[in-house]
There are 2 protein chains.
Amino acid sequence: MASARRISGPCQAWPEDSAFIREVLDRIGDKWTVLTIGTLSAGAMRYSDLQASIPGISQRMLTQTLKHLERDGLITRTAYAEVPPRVEYALTDLGRSLRDAVVALAGWAAAHHGEIARNRAASELTGVGRGKAALRASAD
Amino acid sequence: MASARRISGPCQAWPEDSAFIREVLDRIGDKWTVLTIGTLSAGAMRYSDLQASIPGISQRMLTQTLKHLERDGLITRTAYAEVPPRVEYALTDLGRSLRDAVVALAGWAAAHHGEIARNRAASELTGVGRGKAALRASAD
DNA sequence: CGGGATCCTACGGGATACTG
DNA sequence: CAGTATCCCGTAGGATCCCG
């Protein structure tokens, strides 16, 4: 098992400038951005549909997330001058490319979350990665 | 440019169960985890070396990050019974696989951060994605 | 319907001091 | 050296009310 270190390529080099990583993580690391992109993945949707499709999101966060995504050119916002007003949001090509990247990351998560869960459960028994207070608590 | 929509595959389907995505984002979405993994990418290091190599991290956050990574089996912690004490941290195979996944994401960021920056700058002029207060402020 | 403005709270996370 | 414990503050983000 130790010989199967690398699947593709000799060694994935860590980028010298890790600023790019933080840039994308600052965007998708928050609680709602990824869910919003994923929901829009199905096609253009209006504000109220998004709020209904993303369980637990507040309009404050939905509005903010949509604005950030629009600013970065990941989604488009189209307002129709009707009554009642209608606003539709849709992924741009750039947004779709980010979605694809996130899907790839989700692939890693799906492949390894079982292993991670097992490791975490094992640590729970061993006491690894916990403070002494937690150890004392579990001893009570 | 609009014809180059998809690079590989017909359409990256969004995972039905997006729980995996949140799982990995909850891990790498914070401020320090990715930097820690990237630093350990060079090889095993001790606590003080990590603190020196990750500019701006506090021992509180370094300790916490290391504990979480150890719990999930992404890094190993080896304490040598010496004086002065020495503790070394190293990526596991699982940790390396996560690093590779993050490097892939960084690839996306590197490829598109220019476009994003341009979009954001354009929005700055247009007023897209900003509140009316911000528009008024820029008008002063 | 699609938000904007405001209030309030929980928590991430920095600074500092202490311990084995 | 390698942490732990405590204090403290800024901000993400939920709840609520209001407006075009």
Side-chain angles (χ1 to χ4, degrees), chain A residues 22 25-36 39-40 44-71 75-90 127-137, chain B residues 22 25-36 39-40 44-71 75-90 127-137:
Chain A
R22 284 249 42 91
L25 283 179
D26 283 343
R27 174 111 331 282
I28 68 173
D30 70 282
K31 204 173 176 183
W32 301 113
T33 300
V34 167
L35 286 175
T36 303
T39 303
L40 282 176
M45 295 179 73
R46 32 198 308 191
Y47 187 89
S48 45
D49 292 338
L50 281 168
Q51 190 163 18
S53 301
I54 306 176
I57 198 171
S58 59
Q59 8 76 313
R60 174 171 154 74
M61 281 303 106
L62 179 55
T63 301
Q64 184 180 114
T65 302
L66 290 171
K67 274 207 268 199
H68 288 158
L69 289 173
E70 188 194 4
R71 277 176 57 119
I75 66 173
T76 57
R77 189 194 115 114
T78 314
Y80 298 91
E82 305 171 354
V83 17
R86 179 165 57 101
V87 179
E88 283 201 338
Y89 295 91
V128 162
R130 284 189 302 166
K132 290 161 188 170
L135 280 177
R136 265 183 268 107
Chain B
R22 284 247 44 88
L25 283 179
D26 283 343
R27 173 110 335 280
I28 68 174
D30 70 283
K31 203 172 175 183
W32 301 113
T33 300
V34 167
L35 286 174
T36 304
T39 304
L40 282 177
M45 297 180 74
R46 33 200 305 193
Y47 187 89
S48 46
D49 293 337
L50 281 168
Q51 190 164 17
S53 301
I54 306 175
I57 198 172
S58 59
Q59 0 74 316
R60 173 170 151 74
M61 279 304 104
L62 179 56
T63 302
Q64 183 179 114
T65 302
L66 290 171
K67 274 207 269 199
H68 287 158
L69 288 173
E70 188 195 4
R71 276 176 57 118
I75 66 173
T76 57
R77 189 194 113 113
T78 315
Y80 298 91
E82 306 173 351
V83 21
R86 180 164 58 100
V87 179
E88 283 200 339
Y89 296 91
V128 162
R130 285 188 301 166
K132 290 162 188 169
L135 281 177
R136 266 185 268 108

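Letters A, B, ... are given to chains in the order of the sequence lines, protein chains preceding strands, and every chain is numbered from 1.
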From the list C:dG3, D:dA2, D:dG14, which nucleotide is the closest neighbour of the side chain of B:Val87?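 Out of C:dG3, D:dA2, D:dG14, the nucleotide with an atom closest to B:Val87's side chain is D:dA2.
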Quick one: are A:Ile57 and A:Leu35 in side-chain contact, heavy atoms under 4.5 Å? no
Taking the side chain as everything from C-beta on, heavy atoms only, tell me whether A:Trp32 gets closer than 4.5 Å to A:Gln64. no
Donor-acceptor pair, A:Tyr47 side chain versus A:Leu62 backbone, under 3.5 Å?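 Not at all, since once roles are kept as given, no pair shorter than 3.5 Å links the two residues.
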Is it true that a side-chain atom of A:Thr39 and a backbone atom of A:Leu50 form a donor plus acceptor pair closer than 3.5 Å?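 It does not hold such a pair.
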Just verifying a value: how many Å separate A:Asp26 CG and B:Lys31 NZ, rounded to the nearest 0.5 Å? 9.0 Å
CZ-NZ distance between B:Arg71 and B:Lys67, expressed to the nearest 0.5 angstrom: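 So the CZ of B:Arg71 and the NZ of B:Lys67 are separated by 9.5 Å.
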Just the rounded figure in Å: distance from [atom2] of [N] to [atom1] of [X].
X	N	atom1	atom2	value
A:Asp30	C:dA10	CG	C1'	17 Å
A:Leu35	D:dG13	CG	C1'	15 Å
B:Lys31	C:dG12	NZ	P	13 Å
B:Gln64	C:dG12	CD	P	8 Å
A:Tyr47	C:dG4	OH	P	8 Å
A:Leu25	D:dA12	CG	P	16 Å
B:Met45	D:dA2	CE	P	11 Å
A:Leu66	C:dG2	CG	P	11 Å

Looking at B:Lys67, I'd like to know whether one of its side-chain N or O atoms comes within less than 4.0 Å of OP1 or OP2 on D:dT4. yes
Does D:dG3 have OP1 or OP2 under 4.0 Å away from a side-chain N or O of B:Tyr89?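 The answer is yes; a side-chain N or O of B:Tyr89 sits under 4.0 Å from OP1 or OP2.
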Where is the tightest heavy-atom contact between B:Ser53 and B:Met45, given as atom of each residue plus distance?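 Looking at all heavy atoms of both residues, the closest pair is OG-CE, 3.3 Å.
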Among residues 48-62 of chain B, which residues get a heavy atom nearer than 4.0 Å to DNA chain C?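 Those residues are B:Ser58, B:Gln59, B:Arg60, B:Met61.
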